[in-house]
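For the single chain, residues carry numbers from 1 onward in sequence order.
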Amino acid sequence: MIRLPRIPELWRRSGATFWYLPLALLLFTASFLPGFRSNGTELGGLPNRPFDALAVAAVALQCLPLAGRRRWPALCFALVFLGFAVDQLRGYHSVAGTALPIALISVGSHLRHHRRTFVILATVAYVPLSAALFLLGPGEPPAEFVTFYMAVALAWGVGTWLRSARTAEADRRRRIAEDTRTAERARIARELHDVVTHHVTAMVVQAEAARYLTAAPDRLDQSLTAVSDTGRRAITDLRHLLDLLNPDHGTEPRTPPVGRLLTLVEQTRQAGQPVEFTEKGTPAESTGSAELVAYRVVQESLTNALKYAHGSPTSVRVSHTEKEITVEVGTDGSGSKATGLSGSGRGLAGLRERVDVLGGDFSADRQKDGGFVVRARIPVGNPS
C-alpha cells in the first residue's frame, strides 16, 4: 500500500521555501496597483519612470526570492539587492523596495556562517550603487545615503537579535532537557538503591545465619525459605520499577499497596532483627507520593539496622493524619554489624531529598548508646 503524506507533513517539508510566498506575492501585486505604483523607496532623487518590462523584472527580482529567505538567506538578499539596484537606477521606485530590509532581517536571523564577510560584501556593494545614484541624480547630499545605510543596518540588527533570542531559547530548552534527564537518572538510582540494597542485605544476613544452622535442619530450612522469599520479593519490586521505566506504562500505581509496611517488617524479622512495629491513624484518601516516601524511609532505616545493628531491638512507628505522615525508626545499638556489609551514605541522602521535595522534615541522628534514630515528617497530597 502506498502511504500518502499528510497535509501537515507536506506543509513542514515545503514551509522553509513557501512559507513566505504569500508575502512575496502580496508585495509583487501591490507594486502594480495604481495607488502604490512609484510610491515606494526613493534613493538618490532620480525622477520617476513609467513601468515597463524591465520594471516587472526588477519587481519580481525583489519580491519572489523572499519565498526562500529562510533556507537561502544570503542568495535571497543578493537577488533582492540586485532588483533594488535596478529599481532605483531606473527610477521605478516601486513598493517592492520594502523587500530589502525584510531580506536583510532574514540574513541576520538565519545566516549561520561567514556573517562578517557578508556584512563587508554588502557594504562594498552599496558603495558603487550610492555613487551611481549620486552621479545620475540631482546631487542629493551624501548624508541621505548614509542615513539609508543606517536604516537597513538596523534591519540587520533586528535579525541578529532574533537569532540571539532563538539561540538563547534553544539553549534554555536544552538545559531543561538535560536537567530533567539528570533528575530522572537520580530518581531511578534512588529507587534501585532502595530496592536492591534492602533485599540484598536481608538475603546476605539470612544466608550468614544459615551457615550456623546445619545442625538444626528445621531452622535451616526456615532460613533458606526466608532467603528464597526475600529473593522473590526483590524480583517483584525490580519488575515493578522496570515497568515504571517503560514509556507505555501508566496504569500501575507507584505507591506500595496497603500492608506492605507490615510485610517489610516481617521480612526484617525473618532476617534476625527484632522489630517492634506500631502504626496509628488512617491514611488520607489522597496521599500523593507521601506513602511511597514513608515506605522508603522505613525500608532504608531497617536496611541500616540490619547492616550496622544486627540483632538490636528496633522500633518502627508510623502515624497517619489528614495532613502528614510521620515516621520514626530507631535502634538501641546493642547488636553487631553484619559481616561484609558497608554503606556509601547515598541511602540517607536520597531519603532527605525525597522528603525535602515534598516539603517535609528529615533527620538521622546517632544515639549515645551507639544506636540511631531516623525521623521524617511527610506532608500528604503532593504528587511530586
Side-chain angles (χ1 to χ4, degrees), residues 5 7-44 46 48-115 117-130 132-133 136 148-149 151-160 162-163 166:
I7 292 179
E9 184 177 351
L10 290 174
W11 182 259
R12 285 193 298 269
R13 290 179 182 177
S14 60
T17 304
F18 298 107
W19 178 268
Y20 300 103
L21 183 59
L23 175 62
L25 294 177
L26 178 63
L27 279 178
F28 182 83
T29 303
S31 299
F32 297 100
L33 296 178
F36 293 95
R37 184 180 299 178
S38 299
N39 286 322
T41 304
E42 182 178 341
L43 181 64
L46 290 176
N48 291 334
R49 181 191 297 268
F51 278 20
D52 52 19
L54 186 58
V56 176
V59 170
L61 201 58
Q62 293 177 86
C63 297
L64 298 184
L66 291 180
R69 72 189 190 109
R70 187 172 182 178
R71 180 172 295 182
W72 307 289
L75 177 61
C76 168
F77 177 81
L79 295 175
V80 171
F81 182 81
L82 180 60
F84 179 80
V86 174
D87 185 287
Q88 298 301 314
L89 290 172
R90 293 284 293 175
Y92 299 129
H93 303 145
S94 66
V95 177
T98 309
L100 183 68
I102 296 176
L104 196 55
I105 290 175
S106 300
V107 177
S109 178
H110 298 294
L111 186 64
R112 297 181 179 180
H113 308 292
H114 310 296
R115 295 172 62 86
T117 302
F118 170 83
V119 173
I120 296 174
L121 292 177
T123 302
V124 170
Y126 179 71
V127 172
L129 174 61
S130 302
L133 291 174
L136 295 175
F148 183 81
Y149 179 85
V152 294
L154 179 61
W156 166 266
V158 171
T160 301
L162 290 174
R163 176 180 175 82
R166 188 169 61 248

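Interatomic distance, CG of L111 versus CG of L75, reported as 11.5 Å (0.5 Å rounding). Atom-to-atom distance recorded for L25:CG and L27:CG is 9.5 Å, nearest 0.5 angstrom. Here the CZ-NE2 distance, from R71 to H110, works out to 12.0 Å after rounding to the nearest 0.5 Å. One distance of note links CD of E42 with CG of D87; it measures 10.5 Å at 0.5 Å rounding. Note: S130 OG to L43 CG = 6.0 Å, rounded to the nearest 0.5 Å.
Using a 4.5 Å heavy-atom threshold, the side chains of L61 and V86 count as separate. No side-chain heavy atom of L100 sits less than 4.5 Å from a side-chain heavy atom of T41. Within the 4.5 Å cutoff, side-chain heavy atoms of C76 are placed close to those of L66.
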In sequence, state the C-alpha distance, the side-chain angles, and the governing distance for W156 and F77, and then conclude on ring pair (Phe, Tyr, Trp, His ring centres under 6.0 Å). CA-CA 11 Å; W156 166 266; F77 177 81; 8.8 Å; no
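Considering every non-hydrogen atom in both L46 and L136, the closest pair reads CD2-O, 3.3 Å. Among all heavy-atom pairs drawn from A99 and Q62, the shortest one is CB-O, 3.2 Å. Looking at every heavy atom in both residues, F28 comes nearest to F32 through O-CD1, 3.0 Å. When all heavy atoms of A60 and P65 are compared, the pair lying nearest together is O-CD, 3.5 Å.
A donor-acceptor pair under 3.5 Å links the side-chain atoms of R115 to the main chain of G108, judged by distance alone. Under a 3.5 Å cut-off, the side chain of R166 and the backbone N or O of S109 do form a donor-acceptor pair. Put simply, the side chain of S31 gets close to the backbone of A96: a donor and an acceptor are under 3.5 Å apart.
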With a cut-off of 3.5 Å and sequence neighbours excluded, list every side-chain donor-acceptor pair involving residues 120-128.
{"from": "T123", "atom 1": "OG1", "to": "V119", "atom 2": "O", "distance (Å)": "2.8"}
{"from": "T123", "atom 1": "OG1", "to": "Y149", "atom 2": "OH", "distance (Å)": "2.7"}
{"from": "Y126", "atom 1": "OH", "to": "F145", "atom 2": "O", "distance (Å)": "2.7"}

Can you give each donor-acceptor pair under 3.5 Å made by side-chain atoms of residues 78-85, sequence neighbours left out, with the distance rounded to 0.1 Å?
none

Listing, residues 51-59 side-chain donor-acceptor contacts under 3.5 Å, not counting sequence neighbours, or none:
{"from": "D52", "atom 1": "OD1", "to": "L54", "atom 2": "N", "distance (Å)": "3.2"}
{"from": "D52", "atom 1": "OD1", "to": "A55", "atom 2": "N", "distance (Å)": "3.0"}
{"from": "D52", "atom 1": "OD1", "to": "Y92", "atom 2": "OH", "distance (Å)": "2.6"}
{"from": "D52", "atom 1": "OD2", "to": "R90", "atom 2": "NH2", "distance (Å)": "3.2"}
{"from": "D52", "atom 1": "OD2", "to": "Y92", "atom 2": "OH", "distance (Å)": "3.2"}

